[in-house]
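Below is one structure, written out as structure tokens; comments come after it.
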Number of protein chains: 2
Amino acid sequence: MSQGANVAGATLLETISSRMVSLRQSERKVAKLVLEDPVEAMRYNMAGLAEAAGVSEPTVMRFCSAIGFSGFRAFKLELAHTIALGMPMALTAIDEDDSLRVMTEKVFSRTISSLDRAYRHLNGEVLEQAIEMVASASELVFVGAGASAIVAQDAQQKFPLFGIPCQAPADYHQQFISASMSGPSTVFVAISNTAKTRTVLRVAALAKSKGAKVLAIVGDRGPITEVADLSIEVNTFEDTDLYTPTVSRLAGLVVIDVLATGVSFRRGPVAAERIREMKEELAQMRSVEPGDPGGEPG
Amino acid sequence: MSQGANVAGATLLETISSRMVSLRQSERKVAKLVLEDPVEAMRYNMAGLAEAAGVSEPTVMRFCSAIGFSGFRAFKLELAHTIALGMPMALTAIDEDDSLRVMTEKVFSRTISSLDRAYRHLNGEVLEQAIEMVASASELVFVGAGASAIVAQDAQQKFPLFGIPCQAPADYHQQFISASMSGPSTVFVAISNTAKTRTVLRVAALAKSKGAKVLAIVGDRGPITEVADLSIEVNTFEDTDLYTPTVSRLAGLVVIDVLATGVSFRRGPVAAERIREMKEELAQMRSVEPGDPGGEPG
DNA sequence: CGACGAATGTAGCCAAACTACAGACCTGGG
DNA sequence: CCCAGGTCTGTAGTTTGGCTACATTCGTCG
């Protein structure tokens with residue numbers, strides 16, 4: 001998505017922060033200004049930015065080079081990119097005084113930024129191995145608690161498509177049973193943003209002890225990643241704030257999408273054909289029609 | 001998010017397409033080039049773009065004016081914005097020959113673009129009314145099928161936070177019962193991307209006949225919106241393709257986030273305090289600790 | 001067939017990004 | 001304490017590139 005001079009998986013502003021120390025005194029003034037209000041910085045041209053920071057134009061130029069860009073133009077382009085991904089509102093706390101419009105923008109911005117961040121930080125090799133692992137499973141179990149339970153549920157809807165038996169037990173009790181019944185050909189997917197949800201940790205450990213392969217989908221390293229054979233780290237913005245909705249589950253869902261798509265590639269054209277048929281039938285089933293399965297139940 | 005010369009809720013490329021007819025012959029050459037490969041167009045400067053399109057520089061300039069921009073600079077900025085939101089890959093079909101990296105980028109891009117689109121097309125007034133409706137409910141019922149069921153489940157996790165009794169019956173049978181038990185103070189939220197899922201339509205109609213207010217969350221107008229008192233339209237990209245994951249559910253989740261946040265504003269600081277307490281306790285409960293609720297079940 | 005108006009390109013202007021250079025500052029050694 | 005080295009920062013000039021006034025061509029209509 002980004003083609004700038006960034007280090008892998010870092011946003012422009014993060015790059016600036018990290019290189020702050022290696023900047024000269026006056027260059028830092030520029031850096032500070034940009035970090036404080038990227039949107040405002042965006043409006044300036046070189047001369048304007050120089051004046052606002054209280055330095056000369058070549059200093060701004062040097063700043064751009066120091067960050068890793070060929071010039072001011074390139075820098076501004078990348079800044080625009082970063083801003084477009086929702087930066088302005090994404091890191092501002094959601095406030096009770098916000099108008100509905102502003103609040104909506106913040107929620108969406110934050111979500112979009114988080115997805116972008118998650119994408120940047122995804123480890124391609126781990127993903128590759130995860131797809132391999134899931135594709136070779138003869139049974140799949142998804143487990144999560146709270147918001148992560150939603151992700152598990154979603155996964156459970158997707159993977160049967162590829163002919164892999166698949167469950168997402170809802171409560172701890174059932175999860176426990178599934179875990180204890182799993183074996184070497186089971187892939188047990190433990191989903192937890194904190195990577196330390198106790199119940200999830202327990203069942204993952206149990207499944208592992210029964211010989212199952214454990215795949216963790218987490219927001220960060222933690223006890224669960226210790227137990228897991230493989231961990232997909234999904235980096236999102238922390239929900240530090242009171243009103244901030246949980247954004248991790250969304251990133252989790254998208255990762256599930258990627259996994260599912262990857263697995264479906266592995267299954268080849270035959271599976272693809274079956275999926276197509278199924279989709280068509282589903283569409284027909286769903287729509288309103290004279291014929292009447294699912295009338296009044298009872 | 002966008003501050004360009006766009007018509008409300010339209011992406012730059014959509015704007016160009018729509019104004020194509022009113023453009024002069026040579027300006028259209030420029031427009032075509034930009035639409036065909038926005039990313040490539042982005043790399044050019046004015047002279048380059050002019051040459052690539054086989055026209056003169058002032059023509060490019062006139063093109064920018066015709067689209068509604070003050071000049072080439074402003075145009076390029078908005079183009080950068082559009083591209084940043086995932087355009088390049090967002091509308092390309094996902095292909096079995098794609099490398100894992102490319103496929104991942106496509107899935108994320110598409111999701112991000114879709115969320116951006118959903119945001120742009122959201123009707124603020126409808127949202128306002130929806131929040132009002134939900135906030136004044138004494139009981140909430142969320143209903144959806146398939147992918148939308150996930151959204152319903154998610155909603156069901158959120159709204160109890162505000163002290164509103166809330167359910168998301170999983171199967172048609174239970175949904176039917178909930179619908180028939182609802183009354184004037186019930187808000188019945190029907191979620192369906194197609195707006196014509198039959199079972200959802202049925203229960204929504206039933207709830208309405210019992211006096212409940214029906215709020216629809218849909219991807220488009222359809223039978224369900226006919227029944228509903230209020231409909232939030234969540235515009236995403238159609239999943240035309242075989243491998244394209246369902247992106248509508250994600251947009252649905254974010255809309256739920258917005259609704260929930262809006263409602264929590266209404267409830268004021270007292271509720272806020274209670275939510276904070278709850279979050280803290282939840283965090284403690286979740287983490288691994290010596291004390292041991294939730295040991296082996298049975 | 002000529003004249004008017006629209007459409008497009010040519011040439012020049014001006015602003016803004018970039019670069020070479022020189023003065024100022026700090027640092028360390030005598 | 002002062003001088004030499006290097007580093008940092010600003011001044012001034014160059015060049016690129018966006019923008020505009022004007023000329024030319026093409027099409028159309030009287």
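Here is how names work: the chains are called A, B, and so on, in the same order as the sequence lines, proteins then strands, and each is numbered from 1. It should be emphasised that the depicted structure is a prediction, and the values quoted were computed from it without experimental measurement.
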Quiz prompt | Nearest-Å distance for atom pair CD/C1', residues Q25(B) and dT25(D) | solution = 15 Å
Practice problem: Write down the distance between CG (L23(A)) and P (dT9(D)), rounded to a whole number of angstrom. | Solution: 10 Å
Quiz item: Looking at the side chain of V55(B), which of dT9(D), dG9(C), dT8(C) is the nearest nucleotide?
Solution: dG9(C)
Quiz prompt | Worked check of salt bridge (charged side-chain N to carboxylate O under 4.0 Å, His left out) between R249(A) and D257(B) | solution = CA-CA 12 Å; R249(A) 64 209 159 110; D257(B) 280 345; 2.6 Å; yes
Practice problem: Measure the distance from CZ on R62(B) to P on dA6(C) and round it to the nearest whole Å. | Solution: 14 Å
Quiz item: At what angle, to 10 degrees, do the two end axes of the helix from dC1(C)-dG30(D) to dC25(C)-dG6(D) meet, given five pairs define each axis?
Solution: 0°
Quiz item: Looking only at heavy atoms, what is the nearest atom pair of A52(B) and L33(B), with distance?
Solution: CB-CD2, 3.7 Å
Quiz item: Among all residues two or more places apart in sequence or in another chain, which pass the salt bridge (charged side-chain N to carboxylate O under 4.0 Å, His left out) test with R221(B)?
Solution: E233(B)
Practice problem: Would you confirm whether T59(B), through its side chain, and E27(B), through its main-chain N or O, come within 3.5 Å as a donor-acceptor pair? | Solution: no
Quiz prompt | Nearest heavy-atom neighbours spanning I224(A) and A216(A) | solution = CG2-CB, 4.0 Å
Quiz item: Parallel under 30°, tilted from 30 to 60°, perpendicular over 60°: which one fits the rings of F63(B) and F75(B)?
Solution: perpendicular
Practice problem: Using whole Å, report how far CZ of R43(B) lies from C1' of dG17(D). | Solution: 20 Å
Practice problem: Look at atom CD of E51(A) and say whether more than 12 heavy atoms of other residues, nucleotides or ligands are closer to it than 6.0 Å. | Solution: no
Self-check item: Gap between atoms CG and C1', on L77(B) and dG18(D) respectively (whole Å)
Solution: 14 Å
Self-check item: S56(B) vs dT10(C): side-chain N/O to OP1/OP2 distance below 4.0 Å
Solution: no
Practice problem: Please assess V151(A) against I217(A) for the test side-chain contact (heavy atoms from CB on, under 4.5 Å), listing each intermediate value before the final yes or no. | Solution: CA-CA 10 Å; V151(A) 180; I217(A) 298 180; 5.8 Å; no
Quiz item: Within this structure, what is the CZ-to-C1' distance between R24(A) and dG10(D), rounded to whole angstrom?
Solution: 13 Å
Quiz prompt | Whether over 12 other heavy atoms sit under 6.0 Å from R101(B) CZ | solution = no
Exercise. Figure out the CD/P separation between E51(B) and dT10(C), and round it to whole Å.
Key: 13 Å
Close N or O pairs between protein and nucleotides 16-18 of chain C (under 3.5 Å):
from, atom 1, to, atom 2, distance (Å)
dA16(C), O5', N45(A), ND2, 3.4
dA17(C), OP1, M46(A), N, 3.2
dA17(C), OP2, M46(A), N, 3.1
dA17(C), O3', R73(A), NH1, 3.4
dC18(C), OP2, F72(A), N, 2.5
dC18(C), OP2, R73(A), N, 3.3

